[in-house]
Amino acid sequence: MSGFVYDSGFILPREFYGRETALVARDLLGKIIVRLSGNGIAAGRIVETEAYVRGDPACHAFRGMTPRNRAMFGPPGHAYIYFTYGMHYCFNVVTAEEGVGEAVLVRALEPLEGLCIMSKRRGREKNTDLCSGPGKLVQAMGIGPDLYGHDLTCEPLVILGGEPRPGEAVAVAARVGISAAADLPLRFYFKNNRYVSKK
DNA sequence: ATGATGATTAACT
DNA sequence: GTTAATCATCATG
């Protein structure tokens with residue numbers, strides 16, 4: 001392990017995740033995801049999230065547990081990763097309490113470290129096109145189905161503490177790309193941040 | 001067994 | 001703004 005980002009942070013404790021999902025989604029803004037792999041270290045700051053909660057028809061856990069969503073019903077602080085549109089993976093953090101089935105979708109990161117690795121994985125050069133979307137950041141960070149259910153307090157994929165910068169404001173809006181419960185204000189992002197997936 | 005759908009992205013017009 | 005790419009998952013029969 002190496003890199004200033006990794007050495008300067010602290011790993012978020014499980015208690016951070018074991019709270020109301022919308023709160024976790026909001027508080028995840030500014031936190032840092034670190035991915036260790038054979039290619040080196042990659043890290044990014046979370047700038048956009050969405051909450052998926054109980055009683056929410058847009059939530060993958062809405063109709064109960066299936067082989068696909070079983071990680072959502074596991075302990076908080078673990079990864080729920082799913083495949084969609086026949087070509088993309090998305091990364092979520094399990095929240096609330098075990099057995100409930102709630103999670104936070106991480107929609108965008110501000111790249112901090114390992115920009116070269118990210119560019120290589122993405123096949124794109126522009127910094128703003130590396131992690132500005134749920135499918136993009138998963139690709140840039142080298143996150144795959146092998147990390148399904150992974151404990152995010154452990155390597156090789158961890159989330160470290162971090163705070164909003166002075167003057168950085170949190171915006172709340174409707175979630176992106178869903179048809180059910182499309183009006184709920186469960187999307188959180190940093191206003192005016194260039195790495196957010198959509199304005 | 002079959003069919004509709006999707007927490008997306010990139011490439012067009 | 002529109003659309004093709006591309007397929008696992010899930011509900012239905």
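Here is how names work: the chains are called A, B, and so on, in the same order as the sequence lines, proteins then strands, and each is numbered from 1. Since the structure is predicted, the reported quantities are computational estimates derived from the model, not experimental observations. All heavy atoms count here, side chains included; hydrogens, waters and symmetry mates do not.
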Checklist entry - Looking for any heavy atom pair under 4.0 Å, which part of the strands does A:Arg122 touch: base, sugar-phosphate only, or nothing? => result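 The answer is sugar-phosphate, as A:Arg122 gets under 4.0 Å only of primed atoms, P, OP1 or OP2.
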
Checklist entry - Which is true for A:Arg175 with a 4.0 Å heavy-atom rule: it touches a base, it touches only sugar-phosphate, or it touches nothing? => result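 If one applies the 4.0 Å heavy-atom cut-off, A:Arg175 turns out to touch nothing in the nucleic acid.
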
Next on the checklist: With no hydrogens and no angle check, just 3.5 Å: does a side-chain donor-acceptor pair link A:Arg121 and A:Ser37?
Outcome noted: yes

Checklist entry - When you check the side-chain N and O atoms of A:His78 and A:Tyr17, is any donor under 3.5 Å from an acceptor? => result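 On atom types as modelled, these side chains do not qualify, holding no pair under 3.5 Å.
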
Between atom [atom1] in [X] and atom [atom2] in [N], what is the gap in whole Å?
{"X": "A:Asn69", "N": "B:dG6", "atom1": "CG", "atom2": "P", "value": "16 Å"}
{"X": "A:Phe83", "N": "C:dA8", "atom1": "CZ", "atom2": "P", "value": "6 Å"}
{"X": "A:Phe91", "N": "B:dT8", "atom1": "CZ", "atom2": "P", "value": "16 Å"}
{"X": "A:Arg70", "N": "C:dC10", "atom1": "CZ", "atom2": "P", "value": "11 Å"}
{"X": "A:Arg68", "N": "C:dA11", "atom1": "CZ", "atom2": "P", "value": "11 Å"}
{"X": "A:Lys198", "N": "B:dT9", "atom1": "NZ", "atom2": "C1'", "value": "10 Å"}
{"X": "A:His88", "N": "B:dT8", "atom1": "NE2", "atom2": "P", "value": "9 Å"}
{"X": "A:Leu137", "N": "B:dA7", "atom1": "CG", "atom2": "C1'", "value": "13 Å"}

Checklist entry - Salt-bridged, A:Arg107 to A:Glu50, with N to O below 4.0 Å? => result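 A:Glu50 and A:Arg107: salt-bridged.
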
Item to check | Identified side-chain contact (heavy atoms from CB on, under 4.5 Å) counterpart of A:Cys90 within the set A:Phe83, A:Tyr85, A:Tyr82 | outcome: A:Tyr82

Item to check | Residue that, paired with A:Thr95, satisfies side-chain contact (heavy atoms from CB on, under 4.5 Å) out of A:Arg19, A:Met72, A:Glu20, A:Glu102 | outcome: A:Glu102

Checklist entry - When only distance counts, do a donor and an acceptor, one from the side chain of A:Tyr82 and one from the base of B:dA7, lie under 3.5 Å apart? => result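 In this structure, the two groups form a donor-acceptor pair.
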
Would one find a side-chain N or O of [X] under 4.0 angstrom from OP1 or OP2 of [N]?
{"X": "A:Thr66", "N": "C:dC10", "value": "yes"}
{"X": "A:Ser179", "N": "B:dG6", "value": "yes"}
{"X": "A:Arg124", "N": "B:dA11", "value": "yes"}

Item to check | Nearest-nucleotide comparison on DNA chain B, the residue closer to the 5′ end among A:Gln139 and A:Ala103 | outcome: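 Result of the comparison: A:Ala103.
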
Checklist outcome for this item: Applying the 3.5 Å cut-off to both distances, the Watson-Crick or G-U partner of C:dC10 turns out to be B:dG3

Next on the checklist: When you compare the ring of A:Tyr52 with the six-membered ring of B:dA7's base, are the centres less than 5.5 Å apart and the planes under 30° from each other?
Outcome noted: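 Yes, A:Tyr52 stacks on the base of B:dA7.
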
Let's see if you can work this out: which of [options] has an atom nearest to the side-chain heavy atoms of [X]?
{"X": "A:Pro67", "options": "B:dA10, B:dG6, C:dC10", "result": "C:dC10"}
{"X": "A:Arg63", "options": "B:dA10, B:dA7, C:dA11", "result": "C:dA11"}
{"X": "A:Met87", "options": "C:dA11, B:dT8, C:dT6", "result": "C:dT6"}

